[in-house]
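What follows is one structure encoded as structure tokens, with my remarks underneath.
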Amino acid sequence: MTPAPRHVRVAVVGSGPAGLTAALYLSRAELAPVVVSGVPAGGQLMLTTDVENFPGFPEGIQGPELVEKIRAQAARFGTEFLDANVTAVDFTRRPFRLELGAAGTLLADAVVVATGADARWLDLPSEQRLRGHGVSACATCDGFFFKGVPLACVGGGDSALEEALFLTRFATHVTVIHRRSEMRASRIMQARALANKKISFLLDSEVVEVLGEGKVTGVKVRHVPSGKLSDLAVQGLFVAIGHEPATRVFRDALALDEHGYIATERITRTSVEGVFAAGDVYDHRYRQAVSAAGLGCMAALDAERYLAEHPADGSSHPPST
Ligand code: NAP
């Protein structure tokens, strides 16, 4: 039997660094937040191995361990976690309504949305097998581990060229592999990449297999017009073919930008008063664990201020948008 709807002051949707940091702040403000963790929980950090750029861990920390630590810190102050996914929302009236499937319905006076974004992948079995062992979707996170070796970067947009340029700090050479003859990236990024002697381009080409057993030793590339296959020896593959924000359930409830990310005003405020956004679900620029955590803190402080102005009187009036 589905449980009866439960009314809480504040719900947090998502349990990556943004959602967990929001929960930490909200629980320390004694607002007893309920985190709808998402299944699987923890966000992109759960797929990351060494994290060396999150302050406070001079020896580095594994992504899943970092998630576990922030989660324990939030739990210590009374955060409750629900292992469920939000399947639908109604943000047209207060309290806001979150449908959780078999886990029932959560009613909340304020909501922090921190559902993140997923990197797009090539969807090759070899790519998935070698993720974290030479295959990455984040040069800022992992570039440092590839000093003095040749690398490849897939994609023809600004992200691919930005990643390739960043990777030249460490790599001996970076080959950008793009499936068409024309790049999608802005002219200025193309000019920068073309001017960099460490970058070369394999156009009209797609990666059909990532080579290597325990770690990447190369990629098999197909020249699209001729179908000809060739191997390229590299020790790392960076996939930079875009990100997909996890906003499907919010698309009729909140304003999204042209790429599907939540549109915000003054950092965390969404188009619905009382609903706040934090982390990669709207920030497609920085996309770092530490910046997501910082945004989680900001969303919590904004939600706390909003709740102080909207006492828990059970009133059900439409929110101003
Ligand atoms: P994007 O502009 O959508 O480019 C994605 C690239 O990946 C495209 O070249 C696309 O090829 C390729 N691609 C997609 N799926 C693929 C697949 N399955 N196999 C092989 N290639 C595939 O994404 P983005 O580069 O992440 O940029 C997103 C937005 O952020 C853009 O508006 C961009 O301008 C902006 N951005 C700006 C900066 C900057 O200004 N410094 C930096 C990063 C991002 P096709 O071209 O053939 O479709």
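Source: prediction; values computed, not measured. Note that ligands are numbered from 1 as they come in the structure, with each ligand's atoms numbered from 1 the same way.
Polar contact with ligand 1: present for Gly156 (N/O pair, distance under 3.5 Å). By the 3.5 Å distance cut-off applied to N or O atoms, His243 is not counted among the residues near ligand 1. Between Trp121 and ligand 1, not a single N/O pair is under 3.5 Å apart. Checked by distance only, ligand 1 and Arg120 stay at 3.5 Å or farther apart across all their nitrogen or oxygen atoms. Annotation: Asp158 places an N or O atom under 3.5 Å from an N or O atom of ligand 1; distance criterion only.
Under 4.0 angstrom from ligand 1, the non-hydrogen atoms of Leu122 all belong to its side chain.
Between Phe91 and Phe96, a ring centre-to-centre spacing shorter than 6.0 Å is recorded.
When the options His259, Arg180, Arg192, His178 are ranked by their closest heavy atom to atom 32 (O) of ligand 1, first place goes to His259. The residue from Arg184, Arg179, Glu163 that puts a heavy atom closest to atom 17 (C) of ligand 1 is Arg179.
Note: Leu130 CG to Glu209 CD = 9.5 Å, rounded to the nearest 0.5 Å. If you take NZ on Lys220 and CG on Leu232, they are separated by 11.5 Å, rounding to the nearest 0.5 Å. With rounding to the nearest 0.5 angstrom, the SG atom of Cys138 is 8.5 Å from the CZ atom of Phe166.
Remark: the backbone N or O of Leu165 is not paired with any side-chain donor or acceptor of Arg192 at under 3.5 angstrom. Counting only distance, with no hydrogens or angles, the side chain of Thr247 and the backbone of Gly260 share a donor-acceptor pair below 3.5 Å.
Among all non-hydrogen protein atoms, the one lying nearest atom 23 (O) of ligand 1 is Gly242 CA, 3.9 Å. Looking from atom 43 (C) of ligand 1 to the surrounding protein, the closest heavy atom is Ser159 OG, 3.4 Å.
Closer than 4.0 Å to atom 47 (O) of ligand 1 lies at least one heavy atom of the protein. Under the 4.0 angstrom criterion, atom 29 (C) of ligand 1 counts as lacking any protein heavy-atom contact.
When all heavy atoms of Cys153 and Ala164 are compared, the pair lying nearest together is SG-N, 4.2 Å.
Short contacts between ligand 1 and Gly157, defined as distances under 4.0 Å to a heavy atom of the residue, involve ligand atoms 4 (O), 6 (C), 9 (O), 25 (O).
Ligand 1 has at least one atom lying under 4.0 Å from a heavy atom of Glu162.
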Derivation of the side-chain hydrogen bond (donor to acceptor under 3.5 Å, both in side chains) call for His173 and Ser200: CA-CA 8 Å; His173 190 83; Ser200 63; 2.7 Å; yes
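With salt bridges taken as basic N to acidic carboxylate O contacts below 4.0 Å, one links Glu244 and Arg120.
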